[in-house]
Each structure stands twice: as structure tokens, then as C-alpha cells.
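A short worksheet on the structure shown next.
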Amino acid sequence: MNQLTVRLPDGSERVLEDGATAADLAAQIGPGLAKAALTAVVDGTEVDLAASLTDGVTVELVTDRDERALHTIRHSTAHLMAQAILDLHPGATFAIGPPIEHGFYYDFELPDGKTLSDEDLAAIEDRMRSLVDEDQPFERHEISVDEALDLFSGEPYKVEMIKSFAGGAASSDDVGEISGDVVSYYRNSDTFLDMCTGPHVPTTGRLGHFKLQKVAGAYWRGDEKRPMLQRIYGTAWLNKKDLKAHLHRLEEAEKRDHRRLANEMDLVSWPEELGPGLAVWHPKGALIRTLMEDFSRQRHTEGGYEFAFSPHIAKSVLWETSGHLDFYADGMYPPMEMDGATYYPKPMNCPFHVMIYKSNQRSYRDLPIKIFELGTVYRYELSGAVHGLLRSRGFTQDDSHIFVTREDIAEQIADLLDFVLDMLRAFGFDDFQAKLSTRPEEKSVGDDEIWDMATEGLRSALDAHGLDYIVDEGGGAFYGPKIDVDVKDAIGRAWQLSTIQLDFNLPDRFDLEYIGADGDRHRPVMIHRALMGSIERFFGVLLEHYAGNFPAWLAPEQVRVLPVAEAHQEYAEQVASTLKAGGFRVDVDPATDPLGKRVRRGKVDKLPYVLVVGDDDVAAGTVGVNTRGEKDVDRDVTVEDFAARLHDDVDQKR
RNA sequence: GCCCGAGUAGCUCAGUCGGUAGAGCAACUCAUUCGUAAUGAGUAGGUCAGGAGUUCAAUUCUCCUCUCGGGCUCCA
């Protein structure tokens, strides 16, 4: 009998019988590994354990303790769910069911337009568990396109996939199961099979640490003109502990939901009477926002910006010239007729800043001109897209337009990137991920030279800052390349906040010019940029980032003084007014409630500091300091020392 | 906008297989004056999102509208 030799990752070799599979290899190495193995990586490609090995390959076995198995587990669990759905709802037809971050989903359609609700999830999950108990094998088969069309004739979405991608006519990224004229599928039982590229775990018995999460709608192929399919999302993990930890993280994230915290902390509300996506800022929220905006203004003053204001509406001619009515009309609020003219609420501030530029003849000596405005804009967001402060219909941008010569683009961008990162760091973010979006392949405006100059300017600024970035080739707008900056928050979620966007279009549309050193007229370039982006959204992100525990410089109430008993009320007020005189935000919580209750209230209210004052303190001129997040009380601290500490916190933006 | 779900006191929620509602917290009153995460007693608070229908009777069943949530799509 012939034999074959395979190499293991540690360099050792194993001799197997001809036709042996990865599972055979695992068994030969040891029973423990045979039990733990889920898939194999053969010469860098992940395959089923049942795949036959050939002479000379390098094989690595992926076990159920290997993070790399997650992808396969999730993918197989998606199949498991599809089988359960088909069992419970015969006649269901399936589209795609890929693994995603933390889990998987599957899109499908039930016969007669039947729909599922969250209550159906439990039944599907139960059915999945019994399929796990049945320990069905995932059997791989490969057939021709014609055979596949026949096999899947009852599955219109599968047929469409086979037809549109057969022969590798188009990108086959999402349908790896079809390569050339071979289609692979997996069979689990007499009744269930699914077109799929694999690999899968050996049997359904290897699955189990999953939970179905929600049922949702999803357009077929993500196209809103195509049918709306049903989608079930689930999560799946290597073991019970990981699953539990993930569910716990979700709960924690829910606890810091900015809409919940905004309500609990009395910061912002969304009265029904205003309409979707429109918020009112309560005094405490407004105080925090004012502090944020003041800080922004201060930074912009230091950064050499000039401030501007502009109205909330303007005549249609402005939006015709800017091109917004051509390109962005769907996102704009509807027009108002007045005095024979048509007015639109502004979706962006740029045309107004252009008007300021145009109000004078500009010389190259004037450039760059940096106009800054906290400008409130209105955008018609689809009702289903509105989401608290993170996606609203009225919001304020920390918006600036920099008018610059094309020669100065690179220098300005380098400056800007400094400015952006400094600002984000001040708000407690230090994990950044940037994205450089380059010229789109289709139509775009501007000559090659300026695109190259601008794109290189952006790229070199990113390099100079050592900023981690990805390049989105062709992802730029038709009017210029851009940099977007994502930040990671305290629980690892990424938020896109800042954007630096070049524009070769608006200066043309508005016929902007400056007189160069050569005495000729030249076209400036515009840079649009927002650091926080939308103040509302930024506030929402901050609220979630800090879980409501705003650092002292932003906390609406920085200190609360608690007299132990009524006898200490006067001293408490003295301490409070001393601190107030030092510019701090301080309140006194009188001794009408027991001390323990007031301490608790102070903690629940997320105050940076709660001071307790009693007999000892009155005598010595001290306070007892409770610091947020610390269990121990710092007794006998003089008022001066405490004030210095708080001052330091505010200074350091802690 | 599309799919699914939800809307009960200021907040978090219970409840009614159709007979117009209840708890905890918060608020208010009284007592308690206390050195570190909930003192006790009491009072008040609801057109059960809005409208229509079925019914002797609707918060409950049906339909429509509004708002919110989770997705999809969108975010020149």
C-alpha cells in the first residue's frame, strides 16, 4: 500500500496511508487531539477534517481551543440554524448565512410570506439543540453548475447566486462555493443540505455554545429595491465561558447606552412633540455641552481660526450653486416658500463660509483663510435611521473650511492632523484608526496633479504622525480625497468622529479665486473638516465612553458637600462657597436624609467628589474626601489641599 | 423608507384568558440629626401613546396613526 508524508507545524513529519484524512492524522497523533480537532489548515488553507491529504503538504490542526476555530464554529452554527428553521417551517428558502464578528446570521424567506418574531427564536434554538444531540456529520460534496441548478431548483436565491456567479464572471468574494464550474455543498441529513464553500466542523455535536439574538429584516443582496428577507442574528463561541462573557459585555454596553444615561442623568430628552431625531438639552446636559464647546472655541482661537455665524436657512439659489440640490436633495428638509422665494434649511455650513470668502478679493497673502463655526444643520434622516444623539435630524457641527493654495495643501493637512488628535486626546481618547480614501474610479472633478498632490499630502501627514491607517482605494468623494479618524472607546467600540475632506468642486462652482504672487487669478482649494463631527453625536459617544462618569472638567456637579448632621450645615456651606469662589461647581446635600443615603446618592449621581464634613472637620478646617471609583475615604484633608487636587484634575482633564 | 417588536405613574416594571389598574425608586408631609452605598410612617401621582371598530362593557380583541427599539437601506 502506498503511503504519504505530511509535515506538522513544528517541522516534524508523519507518515500516513494513502487517502488518509486530516482526521486520521489527528487520530494518529493522539486521541485527545482527535477529539478536540475541528478543522485543518493544509498549506495555509483551512479545510474540513474529512479532507484527504496529499503527499508533502504541511498540516496544522485547529482545535476547539483555537481562536481560529471561531469563524468555522459560527459558520456551522448558521447552517445548524437554517436546518432548524427548515424543520420548523418546511418550504423555507435560504439566501446567505455567513459568520460575522461575534456570531452569524442567516437570511431566508418563509413560505406564504410568513414572518417570525422574537418569540419564535426559542423554538428554533430548542430545535438546534436537538440537532446538536443528533451529532449529524457535515458531509462535503462537489458537483457541476448544471447539477447544482438542478439540486437547488427549489431555492430561488441559491439559483440566482449560482447563475450570477457561475464561471467566475464576477467577483466571487461572497460565493466561494462556486469556483469555475464546480459547486460545493454540505449535507447534514436526508432533508437538509446547503450550498457552501466550507469548511465546517465535523459534526453538529461539536456546536452548542450559541444563542439566537434577534430577528430582523434585510434586503436581498443589500438592495432596497429587492425583496425584504428575514434575518436571524446569533452569537456563537468556543465554550460556555466565552459565550457568557460576551452576553455580559452586551449587558454592560446596554447599561451605558447614552439614551438611557441621558434620561437617568437628566441631560437630554426627546419629547414626542418635537419629532423624531430632535432633542432638547436640559440644564445639566447643556452645561456639559457648553464646556465642550468653550473648549473647542478656545482651541480654535489658539489654532488661528476666525469665527463665523450663518443663518439656518437660505434661498434655493445657494443650494443650486453649491450642487446640494442636485446631489443631496433627498437628505435636505423640504423647502419653504416666502416672499416669492424658496428657502431651504441648511444641511451643511460650507456654502455660507464660501460666501464669506467671496465677500472680498483675496490675495495669496491672505491664505490660508480658516473659517470656523459651531453650525447647526438639519438633515432629513430616514425615520428608521434616527438614533438618539448618534443620528439626529438637527445637529451642530464643529465645522471649519480652510481656503488654501494647492501648494500649501500638504502643510495644512499636517497641521490639521495635529489639531485633530490633540482635541480627541483631550476628551480621553487615545486609540485611533485612520482611513485614507482616494480618488474614485468613476467620475470625479479636478486634474490629476491636484489629486496626486492632495492624496500624497494626506498620506504623508498620516505617515508623519505614525498613525495607523487603512487605505480605501477609490473610496473618496468625487470632489476630493479625505481622511476619517475612528476612535476606540472604553469598551473597545470604534466610532468615526473626525473627518478631513478636500474639495476641488465647491471653489469651482462658486468661482472662488485669489490673486497669486504672479498677479494672476488662481483657484483655491477648500478643506472641510470637523473634529467632534456633530457635537450631539460626540456628546453621546462621550457619555457612553465614560459611562456617565464625566471627568471633573466636564462634570456638571463636581463636588457635593454632605454635613454629617444639621449642626454642620453652616460649615458645609462655607466649604461650598470657598470652592465656588475657586471656580468649581459645588452643591450641599443637607442632613435631612441619613448620611449613608446621601453618600449613596452622590455615588449613584456619578459625582467626581463627595465631601463629608462633621465635628472633626469643623474643628480642623478639613473635609473627608470620597473619590469616585475609590472605596477608601480620605479623611482630614484641608479645604486648600482638596481645592488644589480638584484644580489639578480640571487642568489635566481627568 | 422597509421588516420585526414595544408603548401602563417622573423612572424601572408587574397586571388584566374583556368588568377602567399595582409595586419599588423618585416627589411631597411628619418624625428621625445620623462619620460613609437605601431610617421609619404617611400623602399624592395614571384618558393604560392617540384615534376608530367589535362588544352590555376595551388598558386588554381588531384596524389605522404617532413615537420608540433592533435590523436593513441611506449618510453627495
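Chain identifiers are assigned alphabetically (A, B, ...) following the order of the sequence lines, protein sequences preceding nucleic acid strands; residue numbering begins at 1 within each chain.
- In D326(A), the CG atom is crowded: over 12 heavy atoms of neighbouring residues, nucleotides or ligands sit closer than 6.0 Å.
- Note on ring orientation: taking the six-membered ring where Trp is involved, the planes of H324(A) and W319(A) are perpendicular (angle over 60°, cut-offs 30° and 60°).
- Using P as the reference atom, G71(B) and U60(B) are 30 Å apart when rounded to the nearest Å.
- Distance from the side chain of R600(A) is smallest for A37(B) among the nucleotides U33(B), U36(B), A37(B).
- Take the nearest nucleotide of RNA chain B for Q230(A) and for H387(A): the residue whose nucleotide is more 5' is Q230(A).
- Salt bridge absent: R645(A) and E640(A) never bring a charged side-chain N and a carboxylate O closer than 4.0 Å.
- Using a 4.0 Å heavy-atom criterion, one finds that A385(A) contacts the bases of the nucleic acid, with or without backbone contacts as well.
- Across all strands shown, C74(B) has no partner, as no Watson-Crick or G-U wobble contact with both distances under 3.5 Å is found.
- For V215(A), the side-chain atoms get nearest to C4(B) when compared with the rest of C4(B), A37(B), U73(B).
- Nucleotides A49(B) and U16(B) place their P atoms 16 Å apart, quoted to the nearest Å.
- Pair assignment for U62(B): A52(B), on the basis of Watson-Crick or G-U wobble contacts that are both within less than 3.5 Å.
- Residue contacts shown for K603(A) include a base, since a base heavy atom lies under 4.0 Å away.
- Note: H528(A) and Y479(A) have tilted aromatic rings, judged against thresholds of 30 and 60 degrees for the angle between ring planes.
- If you take atom C1' in G24(B) and the same atom in A14(B), they sit 11 Å apart, rounded to whole Å.
- The aromatic rings of H246(A) and W237(A) are tilted relative to each other, their planes meeting at an angle between 30° and 60°.
- In this structure, D107(A) atom CG and C72(B) atom C1' are separated by 9 Å, rounded to whole Å.
- Applying the 3.5 Å distance criterion, the base of C11(B) shares no donor-acceptor pair with the side chain of R260(A).
- Taking a pair to require two hydrogen-bonding distances under 3.5 Å in either a Watson-Crick or a G-U wobble arrangement, G40(B) pairs with C30(B).
- One C1' atom belongs to G46(B), the other to U8(B), and the distance between them is 8 Å to the nearest Å.
- Checked by atom type and distance alone, the side chain of R256(A) pairs as donor or acceptor with a backbone atom of E544(A) at under 3.5 Å.
- Of the nucleotides present, none pairs with G35(B) by Watson-Crick or G-U wobble criteria with both distances under 3.5 Å.
- One cannot find a donor-acceptor pair under 3.5 Å joining the base of U67(B) and the side-chain atoms of E272(A).
- Going from the C1' atom of C61(B) to that of C48(B) covers 16 Å, rounded to whole Å.
- The residue P276(A) sits close only to the backbone: its heavy atoms come under 4.0 Å of sugar-phosphate atoms, none of a base.
- Computed from coordinates, the D589(A) CG to U36(B) C1' distance equals 13 Å when rounded to whole Å.
- OP1 or OP2 of G70(B) has at least one side-chain nitrogen or oxygen of R259(A) nearer than 4.0 Å.
- Around atom NZ of K603(A), more than 12 heavy atoms belonging to other residues, nucleotides or ligands sit under 6.0 Å away.
- Using a 4.0 Å heavy-atom cutoff across all strands shown, G602(A) reaches no nucleic acid atom at all.
- Under the Watson-Crick or G-U wobble criterion, with both distances below 3.5 Å, A14(B) is left unpaired in every strand shown.
- Which of A76(B), A37(B), U36(B) sits closest to the side chain of C350(A) comes down to A76(B).
- Base-pair partner of A6(B): U67(B) (Watson-Crick or G-U wobble, both distances under 3.5 Å).
- Distance check on atom C1': A23(B) versus U55(B) gives 32 Å, rounded to whole Å.
- Between A58(B) and C63(B), the two C1' atoms lie 14 Å apart (nearest whole Å).
- No contact: N505(A) has no heavy atom under 4.0 Å from any strand.
- Listed nucleotides: C34(B), U36(B), U73(B). Nearest to the side chain of V633(A): U36(B).
- Residue-to-nucleotide contacts include no donor-acceptor pair under 3.5 Å from the side chain of Y219(A) to the base of G71(B).
- As judged by a 4.0 angstrom heavy-atom cut-off over every strand, R635(A) is placed among the base-contacting residues.
- Here the C1' atom of nucleotide C3(B) and the CG atom of L110(A) are 12 Å apart, to the nearest Å.
- In this structure, G596(A) reaches the sugar-phosphate backbone alone: every heavy-atom distance under 4.0 Å involves primed, P, OP1 or OP2 atoms, never a base.
- What separates CD of E570(A) from P of U33(B) is a distance of 20 Å, to the nearest Å.
- Rounded to whole Å, the C1' atom of A21(B) lies 13 Å from the corresponding atom of U47(B).
- Around the NZ atom of K244(A), the shell of radius 6.0 Å holds no more than 12 heavy atoms that belong to other residues, nucleotides or ligands.
- Relative to the side chain of K597(A), the nucleotides C11(B), A38(B), G70(B) differ in distance, and A38(B) lies closest.
- If you find the closest nucleotide of RNA chain B to M348(A) and to Y233(A), the one lying nearer the 5' end belongs to Y233(A).
- Across every strand in view, A57(B) sits unpaired, with no contact that passes the Watson-Crick or G-U test at under 3.5 angstrom.
- Atoms CE (M265(A)) and P (U12(B)) sit 16 Å apart, rounded to a whole Å.
- Ring geometry for F504(A) against W451(A) counts as perpendicular: the plane angle is over 60°, on a 0 to 90° scale with 30° as the lower cut.
- Residue contacts for L562(A): at a heavy-atom cut-off of 4.0 Å it reaches no nucleic acid atom on any strand shown.
- In this structure, CG of D615(A) is placed 9 Å from C1' of G35(B), rounded to the nearest angstrom.
- You'll find that the side chain of A565(A) is closest to U33(B), out of U33(B), C2(B), A76(B).
- Atom pair R221(A):CZ and C72(B):P shows a separation of 17 Å (rounding to whole Å applied).
- Across all strands shown, A218(A) has heavy atoms under 4.0 Å from sugar-phosphate atoms exclusively, and none from any base.
- Other residues, nucleotides and ligands contribute over 12 non-hydrogen atoms within 6.0 Å of the CD atom of Q496(A).
- For the pair L390(A) CG and C74(B) C1', the computed distance is 16 Å after rounding to whole Å.
- One N or O donor and one acceptor, one from the side chain of D617(A) and one from the base of G35(B), sit under 3.5 Å apart.
- In this structure, Y479(A) reaches the bases: a heavy-atom distance under 4.0 Å links it to at least one base atom across the strands shown.
- Within the 4.0 angstrom heavy-atom criterion, base atoms lie near R391(A).
- Using a 4.0 Å heavy-atom cutoff across all strands shown, D326(A) reaches no nucleic acid atom at all.
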